[in-house]
Amino acid sequence: MKKNILKRFWHRFFKGEKRLINGSKGVISLFLAILMVPFASIAASLINAARINSAVAVFDEALCNASNSTLGTYDEFLRKRFGLLAIKEQNGGATAEDVQGFIQDTFDIYMEENGYSLSNTFFDMDTDAEGMFPLADKSVLLSEILEYSKYSVPTKTVEDAIDIDNLIAQLEKAIDNMFPCSSILNALNNTAKKADQLITLGQDVEALENAIVTQQEKENAYNIAYSEFQSAVNDYVQKKNDGQREIEELEEKIRKAKQKVDSIDEDIEDIKEEIDDLWDEMEENEDVDNSDEIDRLEDRLDDLRKERSEANSDLSKAKSEKTAAEARIKAELAEAEAAVNEKKSAYASKIGEYSEAVGDAGEKAGSVQEDLMTITGKDSLIDDYFDAKKDEAKEDRDKAKQAIKESNDIQIAKIDEQIAKASSEKEKKALENKKKAFEKETADSATIIKNIGTIEDAANDAYAEGLNSVNDAVKDVSKSAVNSVTNGLNTLQSDVEGFDVKKLSNPLEDAEYYRPPSALLSKEELEHAVEDALRELASESIWGIIKAIVGFFKAIFTVFAVYDSHLAAVIDVSYYENNNGGFQSKKKVSYDSEHKEADAAMSAAYKELLGDFALEYTDADDGIDLIETLKGIIVGIGNLSKAIADLGNPTKLLEFANNLQKIVTEAQNVIKNVNDVFAFLKNLFSPENIYKKLLLTGYISYMLSDRMTYDGSALTGEKFNLRGQTGADNDADLPLISDMAALVETIKDSIGGGSDKCFVGAEKEYLFFGSNKEIANQTAVFGFIYLLRLVLDIGPVLTNGEVASMATAATIAAPLVYLLVVLIEPLIDTFILTAQGGQKIPLIKTSVFLTPSGLSNLIGHVTTLELTEDELNKQKEHLAGAFGSEKYAEVQAAFPSENDTTEGILPVDYSTLLFLMMFVFTPKNKLLSRTADIIEMESVENLQNNGGGEIFNLDYSYTYIRAEGAFSTNMFIPIKEMSENVSIKKRLIYKGY
Amino acid sequence: MRKKESGLLSLEASIVVVIFLFLMLYLYSFFIVFEARNAIGHSMLAAADSVAFDAYAPDKVVDGEGLSTVYGLVYGAVEDLNLFDHQGFTNWETGEIDAPAVVKERFLAYLSGSGKNTGEAEQILNRLHVVGGVSGLDFSKSHVSDDKLYVTVEYSLDYTFQVFGLKGVKMRQSCCSKIWK
């Protein structure tokens, strides 16, 4: 083919009749023709190249223009309400294909309009437009928010006079200042120790009481045993004496009988002699007839013989009687002796038992004395012991004060060096503020240590004074006194054991074998002493203040609301799960692009762009369950209140001590939760990346509504509240606010139910808690603010002179006064901040509401709060009257309040506080993902209200167009063999807002 | 070479070379035409984009967002922006119905890269042989319809070399942008 062309060319020019070159004719033309054709060709090629290049440039421009026009079809609601730009979800956003189809259609319209009219170079165009990077991508959302906020938020904060730098600096200082909390804990631990010691004392007092009862029982038994012993001895003696007397009588009787026998015998002998004489006379003198006389005498003799026989019989009888009597008496005496011995043993035993009981009571009294010394550091022998302890405590406190001062002085010296090197006035001022903060901390710590020291001293004095009666009662039960008694009893016991009744002939004398009972301490005396002590320790002068504060705590729950009941929407979670795949904040990855990697590889320029978008959703770990902690604190306050109410009028020291221990345990539980909050807030405090976070939180603060601002407008000028101010009334199943614990428990189970598509007004609250129940979110934020105020108020409370006055007046309950004021003061602040028409509360307070004079400041707030002045005045009188005007004046003089006329610095309202809390404590990812939820919810609500369909999905709210196109063009000078269209493939652009 | 043919080469050259020369110059004119069309097309698309975007700017800068103060501090008075307001198809500054003028002004700014100074645009247009320069550009057919801004420009281009009295070509270019509202 190529050969034929050359042959023909040669023939045409040099051969044949019609050859072109024929001598010199036409040689110039031919020369130019030959010469110029390449020139012309090159020129034409260049023109064609320029034409095609121009077409490429125009095509690119057209792609950009069509992309811009498609981007210009943005969602008006997002723009007006949130200041955000995303391509409209024209087809209802039902599926990604719907939205992408709309984007393609829109893009094609502009591409066709522009492509063919701008250049006639294009033969046909093929373009593919795809939406990319939806607002659901947190990085995209953040970049749009930052873009919107970079001017508007700083302007607005200046307009609103929000000194964010100072607020953060003060907050940082409050968060870092952990000292006061440990002070309360220390003071409380001291009270816990005292409560434990009081329990031991109470147990020992009860043991002593029992020992005294036992002693008295033993004493009675001792007396009875002695009586019985004495009776037995006396009985024995009686019997012995009676027996002797009876024997003697019987012996007398025998003697008399014998005497009678002898007398009769003598009479018989006389009569016999007289008869013999008569017989002799008669024998001698016959005349004498003495027969009659002899008969008479014989008769007489017979009579005498009878008498003798009788007398003999009597004698024998008497003798028998005596023998019998002797035997009987012996037996009786033996029995009496046995009884005596038995009683003697019993008596000796009772003496031993009595002695033991006295010793035991003495021992118990000794334990009580030791307990008293431990509690009060004082006994009758070592009066200066307590003063020494005081000195030691003071020394410790001085050391702590000095340590804080030295630590702060080092920091101040460093700051001084930095001030000297400061390059600008602004930097210098910031450093000076920092220095002032350290100086104030030194001063504050000194005040706190002084106050804590004073109340510790007052508490120790109160324990000593309160237990003085018990001390007085038991001090007589000294070891020597007890030993004297027990020794005497032991000696008596030995004497009794050695007692021999046989040696005794007279009744027992008391002085010999008896020791009158000792009057060391009676049960009644001890009971009176304990009653006196309890009157002191549980007195109204101590617990009246505590009860007044608890009363105030209960009272404020009846007049304030934790949440705004108008804002009671419950989001229909299933709707979002069914239509949108769930809330944005619950999705792990919201969006990814199939082109991402390919495009990134294709162009390094895109790589940076694409790499900037992180698509991972990770929720920050909050460290602790904030709601559980809040519940712990609220329930703790409730339990503490109940324990204080249960204190009542105890009759037993142990009962009081157990109640005190219960109170302290509850207080310690609360402190533990407060400490958790401190640690949590400290860990969460992350002021890094300040500028971006400031813009983000500023945007959220001004663009989303909260329970205080929902009837206002966003930064864009649009009204917040889409549905009017009445939300669905779904709070019927929630517990009453007076039962905070139950309320908190209920709101924890936050998912489920509901028919609302968006919240009525408490949107920012959702960012903190993320519940679908509006009331739950409000309650949670209430709790969060309360916890933050707790951190902020602890310093001002501990350095406040009037609180120190109240605590000092409460003596042994002083730590509880501090604790209760620390716990309840922030509650008042939170109520003021969240009440309808809520007011500003200084970020750093210099006065405390929960004091008699502080309540006067609170009265200034009542005109706009749901609390009447009368109610408040009643509480004030209650509080001031709780520790008596005289004592109040006394302690007031000791602790003059320096700042009673001002309430504090940097007053902030509810919304500003939320701004600060979001800025400092809420992770960026959480804020962004939940803001995405709110945007989605409001957009759905807006669509439904305006009949624009139901479905709005932030996943399809694209912010970028990826436009890819190709076109074909012809040659400028068509050449048959080369007339095929020239294709320029793959023009790719990304365009976004 | 024979005598009767003497001068033939010169004569032939003088005719043919001139023709070729004119041909080359005519071809060169195409470069200029393409350049002009390209430059005007680019500026027109940019102007259309820009004017379409103006609708967004008044909303953002002027309405309700408190940005006018900041803008004023940083860039000067908002009123100096001469923004185009789609709402009434009016000039934001004057309130007059004058869309073609606004579009033309923006077009010239993009063409010259020098804001309101039309001198540079005039020079560029002259270099591109736009007949009548700035005043030769006719944007009167530009209009807004269905939230779309149609920018149309009509102009005539002279050939760089008016070979054989060739008249220039009339050009009409248009583009469309979605108004950002």
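Letters A, B, ... are given to chains in the order of the sequence lines, protein chains preceding strands, and every chain is numbered from 1. The analysis underlying the following values was restricted to heavy atoms, covering all of them including side chains, and did not include hydrogens, waters or symmetry mates.
Atom CD of A:Glu61 sits about 9.0 Å away from atom OG of B:Ser43, to the nearest 0.5 Å. Atoms CG and CG, from A:Asn68 and B:Leu45 in turn, are 10.0 Å apart once rounded to the nearest 0.5 Å.
Across all non-hydrogen atoms, the minimal contact from A:Ser69 to B:Ser177 is OG-CA, 3.2 Å. Considering every non-hydrogen atom in both A:Asn65 and B:Ala48, the closest pair reads ND2-CB, 4.4 Å. The two residues A:Ala57 and B:His42 make their nearest non-hydrogen contact at CB-NE2, 3.3 Å.
Using a 4.5 Å heavy-atom threshold, the side chains of B:Lys178 and A:Leu71 count as separate. The closest side-chain heavy-atom distance from A:Asn114 to B:Cys176 is below 4.5 Å.
Each salt bridge (charged side-chain N to carboxylate O under 4.0 Å, His left out) pair with one or both residues in residues 125-139 of chain B, not counting sequence neighbours, appears once here: B:Glu35-B:Arg127.
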